[in-house]
Enquirer: 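For reference, the structure I am asking about is given below.
If you're wondering where the values come from, they're calculated on a predicted model, not measured in any experiment. Convention: sequence-line order gives letters A, B, ...; per-chain numbering from 1.
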Protein chains: 2
Amino acid sequence: MARPRKDQARDIRALAISETIRLLEDRDARDLTLAQVAAAVGCRPPALYGHFRDKTALLRAVHDAGFAWLYAEKMDVGAGTRGDALARLREGGRAYARFALKNPALYRLMFDPPRDSGLAGTLFESDVGLKSLDFLRAGVVAVQAEGYLPGADPDRIAFTLWSTLHGALSLLLQGRAPTADTSPLAAADATVDAMMAFIVATRAGGRAEESAP
Amino acid sequence: MARPRKDQARDIRALAISETIRLLEDRDARDLTLAQVAAAVGCRPPALYGHFRDKTALLRAVHDAGFAWLYAEKMDVGAGTRGDALARLREGGRAYARFALKNPALYRLMFDPPRDSGLAGTLFESDVGLKSLDFLRAGVVAVQAEGYLPGADPDRIAFTLWSTLHGALSLLLQGRAPTADTSPLAAADATVDAMMAFIVATRAGGRAEESAP
DNA sequence: TCATTAATTTAACAGCGTTCGGTTCCCTTG
DNA sequence: CAAGGGAACCGAACGCTGTTAAATTAATGA
């Protein structure tokens with residue numbers, strides 16, 4: 001039984017990606033072995049090389065699938081939010097945090113990949129990585145239209161906001177934060193709220209009622 | 001020549017730590033092999049097991065040495081700064097960014113270690129990891145004494161500021177940021193400035209002249 | 001001087017990603 | 001409907017990894 005029959009043929013490529021995402025619920029990306037993926041798919045490790053050049057190519061495909069998933073979720077939230085621009089910004093951040101905390105290893109693979117995985121290249125940066133910033137930038141421009149952040153560069157603000165949430169999640173996912181009293185999700189939401197409070201404080205002519213809740 | 005003579009004995013433990021830090025200038029921590037460390041030290045891989053229980057114990061020691069180094073640099077900066085609390089906060093952030101960008105792999109090992117390295121445990125979190133927050137918290141309290149961030153929780157603000165800088169550095173170190181126009185160090189400094197502008201905007205009774213430079 | 005202890009070596013093992021050569025099936029061509 | 005060619009997969013094998021075991025040599029103490 002070297003080559004499988006047509007009726008029992010499986011789409012190994014798609015299966016490998018979905019099963020890898022599932023396996024990432026337990027393990028970290030670098031602790032994942034091709035033997036584990038192959039076992040989950042139902043084949044032997046060498047069979048994977050017919051669909052991926054090497055292990056990093058598989059991880060890159062999972063990386064991209066993760067981005068597609070994240071965008072879909074953010075789209076859902078964006079479509080469901082009917083509030084002002086500030087609320088949309090906040091809900092976007094919350095959705096981002098929820099995704100990261102529900103898929104820690106996948107999030108790490110997407111935004112903090114190992115240096116040798118070829119994921120740090122400009123391909124992914126320009127292809128999908130910067131789409132995150134475009135999303136966020138649009139939100140920043142929207143709140144600026146309502147009088148917040150007067151005269152600020154939207155790109156820089158967007159990068160700063162993204163950095164804050166990404167940094168908080170990165171620290172929270174490693175227990176490197178005072179999470180003893182609250183859940184990681186609550187801590188992430190609190191970080192989003194703190195940034196929103198900063199934005200509110202910069203309203204032209206306005207004044208901060210409370211700098212951080 | 002199984003056991004070395006007394007006159008040509010080297011402190012393998014100290015050598016392994018310092019040579020590992022040197023090797024981390026090129027490679028990432030997870031791409032580092034014990035054979036490379038042993039070659040740099042001048043011994044064979046099994047000799048390292050007489051001084052470290054396993055590879056993660058070596059990485060943990062390097063992790064701690066990195067923290068000691070970072071604290072020393074921040075102390076230097078703190079002692080040299082004679083400005084107001086706001087300037088001290090800014091200079092602390094700049095020193096932090098400089099350290100991270102000059103030692104990328106070491107920084108990653110310190111603040112974003114692989115999950116299986118035993119570095120995510122509560123030992124390091126409570127031991128040295130939270131000392132970063134204490135430093136920062138003191139700075140936040142100091143600026144609050146000057147009227148900024150009224151009524152805010154210093155712990156939450158400190159965590160938010162730390163998250164922002166850590167997140168920005170994490171993204172910058174992977175080329176996941178619009179760094180095309182500026183250097184990574186300039187981008188990091190700009191992020192620090194943006195956060196300082198946010199803080200300035202929250203001054204009680206005051207008003208933001210410019211929300212972000 | 002001789003046993004004991006300590007420090008490092010060489011040798012070996014299991015597991016990893018990856019490559020090679022063979023085997024089985026499908027699909028086209030005569 | 002036979003024959004060949006290509007595609008898809010498997011078992012075996014290779015080099016490298018971290019790690020352990022056994023052997024070897026230097027220092028120490030009686």
Enquirer: Just list the side-chain donor-acceptor pairs under 3.5 Å for residues 35-47 of chain B, sequence neighbours left out, or say none.
Expert:
{"unit_1": "B:Gln36", "atom_1": "OE1", "unit_2": "B:Arg27", "atom_2": "NE", "d": "3.2"}
{"unit_1": "B:Gln36", "atom_1": "OE1", "unit_2": "B:Thr33", "atom_2": "N", "d": "3.2"}

Enquirer: Salt bridge between A:Asp193 and B:Arg156, side-chain N to carboxylate O under 4.0 Å?
Expert: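 No salt bridge links A:Asp193 with B:Arg156.
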
Enquirer: Of all residues at least two apart in sequence or in a different chain, which pass the side chain to side chain contact (heavy atoms under 4.5 Å, CB included) check with A:Leu173?
Expert: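 A:Leu173 satisfies side chain to side chain contact (heavy atoms under 4.5 Å, CB included) with A:Leu101, A:Pro104, A:Tyr107 only.
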
Enquirer: Tell me, please, whether A:Tyr96 has A:Lys74 positioned over its six-membered ring: NZ or CZ under 6.0 Å from the ring centre and within 45 degrees of its axis?
Expert: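 The answer is no, since A:Lys74 fails at least one limit relative to A:Tyr96.
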
Enquirer: Go through the structure and list residues passing side-chain hydrogen bond (donor to acceptor under 3.5 Å, both in side chains) with A:Glu25, not counting sequence neighbours.
Expert: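 Once residues adjacent in sequence are excluded, A:Glu25 has no partner under the side-chain hydrogen bond (donor to acceptor under 3.5 Å, both in side chains) criterion.
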
Enquirer: B:Asp76: which residues meet the side chain to side chain contact (heavy atoms under 4.5 Å, CB included) condition with it, sequence neighbours left out?
Expert: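 Once residues adjacent in sequence are excluded, B:Asp76 has no partner under the side chain to side chain contact (heavy atoms under 4.5 Å, CB included) criterion.
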
Enquirer: Test salt bridge (charged side-chain N to carboxylate O under 4.0 Å, His left out) on A:Arg90 and A:Asp84; report intermediate values, then the result.
Expert: CA-CA 10 Å; A:Arg90 169 167 42 232; A:Asp84 56 332; 5.8 Å; no

Enquirer: Pairs under 3.5 angstrom, nitrogen or oxygen only, protein versus nucleotides 4-6 of chain D, please.
Expert:
{"unit_1": "D:dG6", "atom_1": "N2", "unit_2": "A:Arg3", "atom_2": "NH1", "d": "3.1"}

Enquirer: Name all residues meeting the side chain to side chain contact (heavy atoms under 4.5 Å, CB included) criterion together with B:Ala142; count only those two or more places apart in sequence or in a different chain, and write none if there are none.
Expert: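 Side chain to side chain contact (heavy atoms under 4.5 Å, CB included) check on B:Ala142 returns B:Ala85, B:Arg88.
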
Enquirer: Assign A:Pro46 to base, sugar-phosphate, or nothing according to its heavy-atom contacts below 4.0 angstrom with the strands shown.
Expert: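 Base: the residue A:Pro46, judged by heavy atoms under 4.0 Å, touches a nucleobase.
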
Enquirer: Considering only heavy atoms, which members of residues 18-26 of chain A lie under 4.0 Å from some atom of DNA chain C?
Expert: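 Here the set is empty: none.
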
Enquirer: Can you list, in residue-number order, the parts of residues 48-55 of chain A that come under 4.0 Å of DNA chain D, counting heavy atoms only?
Expert: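 The answer is A:His51.
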
Enquirer: Excluding sequence neighbours, so at least two apart, what forms salt bridge (charged side-chain N to carboxylate O under 4.0 Å, His left out) with A:Arg22?
Expert: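 Partners of A:Arg22 under the salt bridge (charged side-chain N to carboxylate O under 4.0 Å, His left out) test: A:Glu19.
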
Enquirer: Taking only heavy atoms on the protein side, list every residue of residues 36-43 of chain A lying under 4.0 Å from any atom of DNA chain C, sorted numerically.
Expert: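 Heavy-atom contacts with DNA chain C come from no residue of residues 36-43 of chain A; none.
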
Enquirer: Give a yes or no on whether the backbone of B:Ala16 and the side-chain of B:Thr20 come within a donor-acceptor separation of less than 3.5 Å.
Expert: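 Looks like yes, one N/O pair under 3.5 Å.
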
Enquirer: Output every pair passing salt bridge (charged side-chain N to carboxylate O under 4.0 Å, His left out) with a member in residues 98-110 of chain A, not counting sequence neighbours, ordered by first then second residue.
Expert: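 Applying salt bridge (charged side-chain N to carboxylate O under 4.0 Å, His left out) to every pair that reaches into residues 98-110 of chain A, excluding sequence neighbours, yields A:Asp28-A:Arg108, A:Arg108-B:Asp112.
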
Enquirer: Which part of the nucleic acid does A:Leu32 contact within heavy-atom distance under 4.0 Å: base, sugar-phosphate only, or nothing?
Expert: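 Sugar-phosphate, no base atom in range.
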
Enquirer: If the condition is side chain to side chain contact (heavy atoms under 4.5 Å, CB included), which residues does A:Ala158 pass it with, not counting sequence neighbours?
Expert: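 With neighbours one apart ignored, the set is A:Leu133, A:Leu136, A:Arg137, A:Val140.
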
Enquirer: Classify the nucleic acid contact of B:Ala47 as base, sugar-phosphate or nothing, counting any heavy atom under 4.0 Å across all strands shown.
Expert: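 Touches a base.
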
Enquirer: How close or far is atom C1' of C:dT18 from atom CG of A:Leu34, stated in whole angstroms?
Expert: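 These atoms are roughly 9 Å apart.
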
